[in-house]
Protein chains: 2
Amino acid sequence: MVARSNRVTIHDVARAAGVSVSTVSKALNDTGRMASETREKIKAIATDVGFRPNALARSLLSNRSFTVGLLTNDTYGRFTLPLMSGISEALVDHGVSVFLCAIEDDPALAKVHVDAMLDKQVDGIIATGKRVDRSLPVDLAGLPVPVVYAFTEGVPGSVILTADDADGARLAVERLRKVGRKWIVHVTGPDSFVSAIERADAFRQAVGPEALVLHGAWTEAWGHEAVAMLWGGDKPTPDGIFCGNDQIARGVVDALREKGVRVPEDVSVIGFDNWEIFADQTRPALTTVDMNLKELGRMAGLTILDLAEGRAVEAGLRKLPCKLVVRQSCGGDREI
Amino acid sequence: MVARSNRVTIHDVARAAGVSVSTVSKALNDTGRMASETREKIKAIATDVGFRPNALARSLLSNRSFTVGLLTNDTYGRFTLPLMSGISEALVDHGVSVFLCAIEDDPALAKVHVDAMLDKQVDGIIATGKRVDRSLPVDLAGLPVPVVYAFTEGVPGSVILTADDADGARLAVERLRKVGRKWIVHVTGPDSFVSAIERADAFRQAVGPEALVLHGAWTEAWGHEAVAMLWGGDKPTPDGIFCGNDQIARGVVDALREKGVRVPEDVSVIGFDNWEIFADQTRPALTTVDMNLKELGRMAGLTILDLAEGRAVEAGLRKLPCKLVVRQSCGGDREI
DNA sequence: AAATGATGAGAAAACGTTTTCTCACGTTGA
DNA sequence: TCAACGTGAGAAAACGTTTTCTCATCATTT
């Protein structure tokens, strides 16, 4: 309930042990020369009085703050949180803490946050966003600390980590084929999204020349609409639908159910994102492509650490493979 | 592309200006005595060479790091992100950055994070979680820094901020009454949740002795089930349904639509949480209670700041009012 | 003309560490 | 017996700031 700083410093330990602060420092860091009894005694006393070195003082000297910044404009957190979780998990073992800065597409706010982090001597900055083909509203080039871009557009020559959309599409098609689907269509988001394009291209490549890709919004409503279109004409209806995200997939599955089409018996559906809140709640639960965002976060964390510690890292765009999470909407889930 | 620390320090400024570091410091901080020309000249030179004071060095001296920690076990981020957003928004103006630590109900991990933050001399810690009636798996009492609990259980005598569940329930009932509903029921989550209990109690108090509360899971499926029960017997069916969260509400609305019951013409539905991804996508879009989590975050941020700066703060549980977000599922939305 | 006071600016200490340098002491070898 | 050497431990500098103290210089007053 009191005062300034009752925190125990290295001086307190030195006094308690009857030695100098240098000796304490060397004892605790296992450096320097000294009698091993002295070392052990000092260590014992240090833990006894609950000494924990002040990281700030240490950083001042070492030029390493064991702190990194995560800059994001994904306020909703759909992508940022798994990423954050991976970053944190990878770095906590190295004693590194993460500043989270939510900048909402506001350049001024972004600058304030970046400056604050630089002032606090972060060892590096990880930039992330909600769209792979958009960059944050702040220029991170030429900063005095390394920068890694994860799931957002980065400047040329920088390190950019992202999910391999094409791989995800291939995984989905492969699965649909494996459960015996012949006429597979792709219902996805607007073709103004690079992710949508890349998935669609890979989809076309995997399915062949007759491939059908329907672009729309990233919404349930578009899923409903697409089903209405596909089942509305007199053309043959597909037996497999690969959706651009889980919301579309949810719309598709609901629409099919309302139509009396059985999923997965009559039609197999695969989503994208593995957003559990959607994938799990859909009836039947969605088989869906997971972008491994947590793993992407781990990679980003370890990469920024490499850079901070001066190790060489290959620049350029690096795409991490996706994985398929099998639930019920595609069928074939019991065969395993 | 090189070396150690090209960062410009106060010494560089002093050299460039031909004065001592003390003079520079006083010039930039508008303290001390000096000719105003000197002051201005130094300021000009400082911005010229791009000097930014090293916050670490400053912190070492002032015992203030302008850094707080946010501890959460809400990996999904449903509650943490709006809170975080509010905290960050409130604190960025004061130059304070936020460490986000995701501890997944793992006491050891929690301790590691807390220790790392303490070593880094955070000015305070905000604890938050996914449930108001559960505490984090780590003891935050007796820490050398102030702690504020937001949306999670705190130790007695601490500062605890949370949403006023009863207020939310009252808002919902009030609205349903206002649009002319007479027979209102409450479909909510398990009665093992304090939130569910408090809302249910307030609901009963507002509706009267004949109030009907149905407890189930926090899922869409339970919404469907509840509708099946309510419309299954030969009792009169309700014309207003207040749901414990937006997922239940979504289930209820979907089930009613499938039944041919019109929302909001025949039945008004109100949700809880204002989880936009659900509230917006439901047809019709959900009128729902918003817990003002961002505001709660702001309060938490300002409170921790007050405590860090030694201002007195009243301990105890503080409940922040909710607000109703009007969309279409309740009706009466066009009257305004 | 001397004493007083105001003004401008620098020196030094401090924050809590780590690291390098120095030194006293005791042991070994010739 | 003396030089050389190894060992244990402390002194001091350094990191980049802020703050207190001291001290010239110059203008004002008597």
Side-chain angles (χ1 to χ4, degrees), chain A residues 3-43 45-46 49-67 95 118-123 144, chain B residues 3-43 45-46 49-67 95 118-123 144:
Chain A
R4 197 167 159 61
S5 179
N6 33 6
R7 245 126 140 164
V8 22
T9 77
I10 198 172
H11 288 94
D12 300 320
V13 180
R15 201 171 315 120
V19 297
S20 71
V21 291
S22 3
T23 305
V24 175
S25 176
K26 287 182 292 187
L28 299 181
N29 294 306
D30 278 324
T31 60
R33 289 182 315 212
M34 88 188 41
S36 56
E37 308 130 51
T38 316
R39 204 182 284 281
E40 293 313 317
K41 190 187 88 183
I42 293 178
K43 283 185 176 176
I45 291 179
V49 300
F51 169 69
R52 311 213 88 222
N54 182 326
L56 262 37
R58 196 179 253 174
S59 300
L60 198 53
L61 221 36
S62 64
N63 257 5
R64 287 274 277 117
S65 65
F66 292 90
T67 281
L118 291 178
D119 290 351
K120 284 165 188 145
Q121 312 293 114
V122 288
D123 295 332
Chain B
R4 195 166 160 64
S5 180
N6 33 7
R7 244 125 140 165
V8 22
T9 77
I10 199 172
H11 288 94
D12 300 320
V13 180
R15 202 171 315 119
V19 298
S20 72
V21 292
S22 2
T23 306
V24 175
S25 176
K26 285 182 294 187
L28 298 181
N29 294 307
D30 280 324
T31 59
R33 289 184 314 213
M34 86 187 45
S36 57
E37 310 130 50
T38 317
R39 205 181 283 281
E40 293 312 319
K41 190 187 87 180
I42 294 177
K43 282 184 177 176
I45 292 179
V49 300
F51 171 68
R52 311 214 86 223
N54 182 327
L56 262 38
R58 195 180 255 172
S59 299
L60 198 53
L61 220 37
S62 64
N63 257 6
R64 289 272 278 115
S65 66
F66 292 91
T67 283
L118 291 178
D119 291 351
K120 283 165 188 146
Q121 312 292 115
V122 289
D123 294 333

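Within every chain, numbering begins at 1; the chains are lettered A, B, ... in the order of the sequence lines, protein sequences first and strands thereafter.
A:A16 approaches A:I45 most closely through the heavy-atom pair CB-CG2, 3.8 Å. The nearest pair of heavy atoms linking B:R39 to B:K26 is NH1-O, 2.9 Å. Here the closest heavy-atom approach between residue A:V24 and residue A:A14 is recorded as CG2-CA, 3.6 Å. The minimum heavy-atom distance linking A:V8 with A:F51 is given by the pair O-CD1, 3.4 Å.
Within the nucleic acid shown, B:R52 comes within 4.0 Å of sugar-phosphate atoms alone, with no base atom in reach, counting heavy atoms only.
To the nearest angstrom, P of D:dA14 lies 18 Å from CG of B:N54. Here C:dG16 presents its C1' atom at 18 Å from CZ of B:R58, a figure rounded to the nearest Å. Taking atom NZ on B:K120 and atom C1' on C:dT17, their separation rounds to 16 Å, with Å as the unit. Taking atom CG on A:L61 and atom C1' on C:dC15, their separation rounds to 13 Å, with Å as the unit. One interatomic measurement links the two molecules: CG of A:D119 to C1' of D:dT17, which rounds to 13 Å at whole-angstrom precision. Across the protein-nucleic acid pair, A:H11 atom NE2 and C:dA14 atom C1' stand 11 Å apart, rounded to whole Å. Going from atom CZ of A:F51 over to atom C1' of C:dG16 covers 8 Å, rounded to whole Å. Taking atom CZ on B:R64 and atom P on C:dA14, their separation rounds to 24 Å, with Å as the unit.
A:S22 contributes a side-chain N or O that forms a donor-acceptor pair with the base of D:dA11 under 3.5 Å.
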Can you give me the N/O atom pairs linking the protein to nucleotides 6-8 of chain C at distances under 3.5 Å, or say none if there are none?
| from | atom 1 | to | atom 2 | distance (Å) |
| --- | --- | --- | --- | --- |
| C:dG8 | N7 | B:R33 | NE | 3.2 |
| C:dG8 | N7 | B:R33 | NH2 | 3.2 |
| C:dG8 | O6 | B:R33 | NH2 | 2.5 |

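Side chain of B:K120 to backbone of B:S65: no donor-acceptor contact under 3.5 angstrom is found.
Side-chain proximity of A:L60 to the nucleotides D:dT17, D:dG10, D:dC15 is greatest for D:dC15. For B:K26, the side-chain atoms get nearest to C:dG10 when compared with the rest of C:dG10, D:dG10, C:dT17.
By the 4.0 Å N-to-carboxylate-O rule, B:D12 lies too far from B:R7 to be salt-bridged with it.
In this structure the side chain of A:R15 never reaches within 4.5 angstrom of the side chain of A:T9, judged on heavy atoms.
In this model, the phosphate group of C:dT18 is approached by a side-chain N or O of A:N29 to a distance below 4.0 Å at OP1 or OP2.
The residue among B:S25 and A:V24 whose nearest nucleotide of DNA chain D lies closer to the 5′ end is A:V24. If you find the closest nucleotide of DNA chain D to B:P53 and to A:T23, the one lying nearer the 5' end belongs to A:T23.
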